[in-house]
Amino acid sequence: MSNLRISFPDGSVREFEKGTSGRQIAESISRGLAQKALACEVNGVVRDLSFPIEEDSTLKILTWDDTNGKQAFWHSTAHILAEAVQALYPHAKFGIGPSIENGFYYDIDFGDSVIKEEDLAAIEQKTAEMAAKNSTFRLYPVSKQEALDFYTSKHDNEYKRELIENLNDGEITFCDQGDFTDLCRGGHIPETGLVKAVKLTNIAGAYWRGNEKNKMLTRIYGISFPKKSMLDEYLTLLEEARKRDHRKLGKELELFTFSNNVGAGLPLWLPKGTELRERLERFMRDAQRRMGYLPVVTPHIGNKRLYITSGHYEKYGKDSFKPILTPEEGEEYFLKPMNCPHHCEIYKSKQRSYRDLPLRFAEFGTVYRYEQSGELSGLTRVRGFTQDDAHIFCRQDQVKEEFMQVIDLVLYVFKTLDFTEYTAQISLRDKVDRARYIGSEENWEKAESAIIEAAAEKGLPTVVEYGEAAFYGPKLDFMVKDAIGRKWQLGTIQVDYNLPERFELEYVAPDNGRERPVMIHRAPFGSLERFVAVLIEHCAGKFPLWLTPEQAMILPVSDKFGDYAKKVAQFVKNYDLRASIDERSEKIGKKIRDAELQKVPYMLIVGEKEEAENMVSVRRQGQGDLGTMSIESFVNLVESEIKGKLAQVEKEEV
RNA sequence: GCCGAUGUAGCUCAGCUGGUAGAGCAAUUGAUUUGUAAUCAAUAGGUCGGGGGUUCGAGUCCCUUCAUCGGCUCCA
């Protein structure tokens, strides 16, 4: 009897008999673990607990506390959902049913029947019934021919056949539970009965294999839990998240709006939102000035020629807004989709020497892009938006240093605004489809390695995504999640060898020869619109004190103290604090309530006592009464709060 | 653009199987002069997203269009 050496995550190694399953090993460790075990990870691959281990391996027993344990749980629930759907709709054909970050989905072709939201309840109930049957998940190998036969004669299903065609004979497995059989490579929980709570959350169309040329299947989203109470907690959490939605808060706090008459995806910034936005712009301008950026301003439209040169016309001309024609000459102008062509022309406005570089041209440039109607969403996806854009023109030997300086700037912005959870994504070309990009192989190689090196040298943890590059160059993107977990790209840094070539940019080298600069495109916010959206959700509308449109609301206890309230207002305004007075003849409780709901950080309550002693009674939003203090003390309090935060970030920067 | 859902007063929503619109908050006016999360009363406010149709009669049924929401695709 040959033995098996199994190493565990804690580093220990134990011997078992060949063919021992994950379940048996879990049982040998402890009964508790065996009970909690959902699946296991053998040499890093998620397997069913029944998987017989045949060679020396690393093994991790997965429970609900492991991400992969949850994934196995959710993926298994997708199977149960499919079983339920098959019972209710025998003609349904199944596509794929993976687990996702929060739950699972299954793509299903329902043939002629249209599945609506109201049908979900019945499917959900059936899924729960199927789970309660406590069937065992049984994974077993089949030959390619058997598999194809199954999905031809038993269940005619072209989707599964397509998947099988792309698999190697000998590596194909089916999974049974109850009366349901599915093509599956595994990673299941042992029995369906572990699923105690299922919620089908959503229904949506999804193209087969994500290709819009393919048929659109019906995608059913759901989530499941091993305890009912966990589902309730999850639903409460979702409810809370929805309260942070920037579209809801933007309306409530009067930051921005949309008008049908102006058009979809074209935000209108209200005064308070504009205050906020301008303050962010000022913050960025100050940071950029310190880093040697030069301000420029360019128009909102540009001649078609400009975009032919840049390559935008060829790539996106057909799918952008239609050109604007001059009435007499018939010249074609386009709304600018990007600022870089204009900035290239600024570079060309005079002869540049190697001594001038790097040149950093910065502009809050408003651009217009046609986005598909179904894609528009609040401030996160719009058709007109303002980028905190800049283009750095530098020598080849300066690329890495410049790139790293931009990483510093992005991280400074994130730190100042407490964005601690972001991912840095290196976006490279598609590995196969190179026709989507302009420029030579050599230039791309240089640009891609510059990004990878700079990020590595900065010690920035990154993930690499192929096929996500811009058409003219690779990017380093900073992604942040919104309230309901959707990922958005905020900051972006791009290295570009191609536009300088297309625009024939050059500088005079030390040897009096002519050389090409390298361009770095960068926008730490990305777009002001999206950044503000994510910021709103991040802080649930309670903006940092330095940023918030209204820092203090002065609340006179009655009309009698209106004059004193004005005096207080004038005093704090002299110290550049932003404050206004609630002059309504409402009771103080009402005024406090409204200020709290408007998320004004400080409330200054003034009445007889305060007027007599030249004081204010200070209340902090969300915290309550802070007591009475002199107006000067209040101003100091606010100033030190603001300085404290900013100074802390500055210090960490050094 | 595609799939599904939604669209009633400034906001949040009610309006059963078709019988010519309703609440709370907000607003306006008046009263109240108030002490740490909603003072009272009166008034005003809607061609029920737009257009077309069925019907004696449409917020309600049908078609179409626009917008919004959740996805898919796309994303300079």
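Given the structure is predicted, the values throughout are model-derived calculations rather than measurements. Each chain gets a letter, A, B and so on, in the order the sequences are listed, and its residues count up from 1. Computed from heavy atoms alone, side chains included, the values below leave out hydrogens, waters and symmetry copies.
Between B:A9 and B:G22, the two P atoms lie 14 Å apart (nearest whole Å). Remark: the separation of the P atoms in B:G10 and B:G49 is 13 Å, to the nearest Å. B:U55 and B:G18 have their C1' atoms separated by 9 Å, with the value rounded to a whole Å. When the C1' atom is compared between B:G15 and B:U39, the two are found 31 Å apart, to the nearest whole Å. Comparing the C1' positions of B:U32 and B:A42 gives an interatomic distance of 15 Å, to the nearest angstrom. Across the P atoms, B:G57 and B:G53 are found 12 Å apart, a figure rounded to whole Å. B:U33 and B:C40 have their P atoms separated by 15 Å, given to the nearest Å. Taking atom C1' on both nucleotides, B:A41 is separated from B:A37 by 23 Å, rounded to a whole Å.
A salt bridge does not link A:Arg247 to A:Glu537: none of the charged side-chain nitrogens sits closer than 4.0 Å to a carboxylate oxygen. A salt bridge does not link A:Glu465 to A:Lys431: none of the charged side-chain nitrogens sits closer than 4.0 Å to a carboxylate oxygen. A salt bridge links A:Lys248 with A:Glu252: the closest approach of a Lys/Arg side-chain nitrogen to an acidic carboxylate oxygen falls below 4.0 angstrom. With respect to A:Glu441 and A:Arg434, a salt bridge is recorded, a charged nitrogen being found less than 4.0 Å from a carboxylate O.
With rounding to whole Å, A:Glu468 atom CD is found 13 Å from B:A76 atom C1'. Atom P of nucleotide B:A5 and atom CG of A:Asn202 are separated by 12 Å, given to the nearest angstrom. Rounding to whole angstrom units, CG of residue A:Leu120 and C1' of B:G70 are separated by 12 Å. At whole-Å resolution of the value, NZ in A:Lys215 and C1' in B:C72 are 15 Å apart. Here the P atom of nucleotide B:C75 and the CZ atom of A:Arg436 are 6 Å apart, to the nearest Å. Atom pair A:Glu101:CD and B:G71:P shows a separation of 13 Å (rounding to whole Å applied). Between the NZ atom of A:Lys213 and the C1' atom of B:C72 there is a distance of 15 Å, rounded to whole Å. Counting to the nearest Å, the P atom of B:C11 and the CG atom of A:Leu270 are 13 Å from each other.
The 5' end of RNA chain B is approached more closely, in terms of each residue's nearest nucleotide, by A:Ala204 than by the other of A:Gln387 and A:Ala204. Each of A:Lys336 and A:Arg209 was assigned the nucleotide of RNA chain B with the nearest heavy atom; the assignment lying further toward the 5' end belongs to A:Arg209.
Taking the six-membered ring for Trp, A:Phe531 and A:Phe525 have ring centres closer than 6.0 Å. Checked against the 6.0 Å centroid criterion, the rings of A:Tyr437 and A:Phe471 do not qualify as a close aromatic pair. Between A:Phe334 and A:Phe321, the gap from one ring centroid to the other reaches at least 6.0 Å.
OP1 or OP2 of B:G71 lies within a sub-4.0 Å distance of a side-chain N or O belonging to A:Arg486. A:Tyr370 has a side-chain polar atom (N or O) that falls below the 4.0 Å cut-off from OP1 or OP2 of B:G1.
Pair assignment for B:U54 gives none, since no Watson-Crick or G-U wobble pairing has each distance under 3.5 Å. Summarising the base pairing, B:C13 is matched to B:G22 through a Watson-Crick or G-U wobble pair whose two defining distances lie under 3.5 Å. When both distances must be under 3.5 Å, the Watson-Crick or G-U wobble mate of B:U28 is B:A42. Partner assigned to B:G35 is none, using Watson-Crick or G-U wobble distances below 3.5 angstrom. When both pairing distances are held under 3.5 Å, B:A5 makes a Watson-Crick or G-U pair with B:U68.
In the set B:A76, B:G70, B:C3, B:C3 carries the atom at the smallest distance from any side-chain atom of A:Met216. Candidate nucleotides B:G4, B:C74, B:C66 were compared by shortest atom distance to the side chain of A:Gln372, and B:C74 ranks first.
If you check distances only, the side chain of A:Arg381 does reach the base of B:C75 with a donor-acceptor pair under 3.5 Å. You'll find a donor-acceptor pair under 3.5 Å spanning the side chain of A:Tyr207 and the base of B:G1, going by distance alone.
None of A:Gln387, A:Lys475, A:His391 except one satisfies the side-chain hydrogen bond (donor to acceptor under 3.5 Å, both in side chains) rule with A:His521; the exception is A:His391.
Nucleic acid contact class of A:Gly562 (heavy atoms, under 4.0 Å, all strands): none. Among the protein residues, A:Leu217 comes within range of no part of the nucleic acid, since none of its heavy atoms lies under 4.0 Å from any strand. Using a 4.0 Å heavy-atom distance criterion, A:Val114 is classed as a sugar-phosphate-only contact. Counting any heavy atom pair closer than 4.0 Å across all strands shown, A:Gly210 reaches sugar-phosphate atoms only and no base atom. When heavy atoms are screened at a 4.0 angstrom cut-off, A:Tyr105 is found touching no nucleic acid atom at all.
For A:Phe471 and B:A76, the ring-to-base geometry does not satisfy the stacking test (centroid distance below 5.5 Å, interplanar angle below 30°).
A:Glu468 and A:Ser427 share no donor-acceptor pair across their side chains, judged by distance under 3.5 Å alone.
Contacts between residues 516-526 of chain A and RNA chain B, defined by a heavy-atom separation under 4.0 Å, are absent.
Surrounding NZ of A:Lys116 are at most 12 heavy atoms belonging to other residues, nucleotides or ligands under 6.0 Å away. Other residues, nucleotides and ligands place more than 12 heavy atoms under 6.0 Å from the CD atom of A:Glu162. Heavy-atom neighbours of A:Lys93 NZ from other residues, nucleotides or ligands within 6.0 Å: above the threshold of 12.
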- Item | Reading 5' to 3' through nucleotides 34-48 of chain B, protein heavy-atom contacts under 4.0 Å coded B for base, S for sugar-phosphate only, - for none | BBBBBB---------
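Under a cutoff of 6.0 Å and an axis angle of 45°, A:Arg620 and A:Tyr602 form a cation-pi pair.
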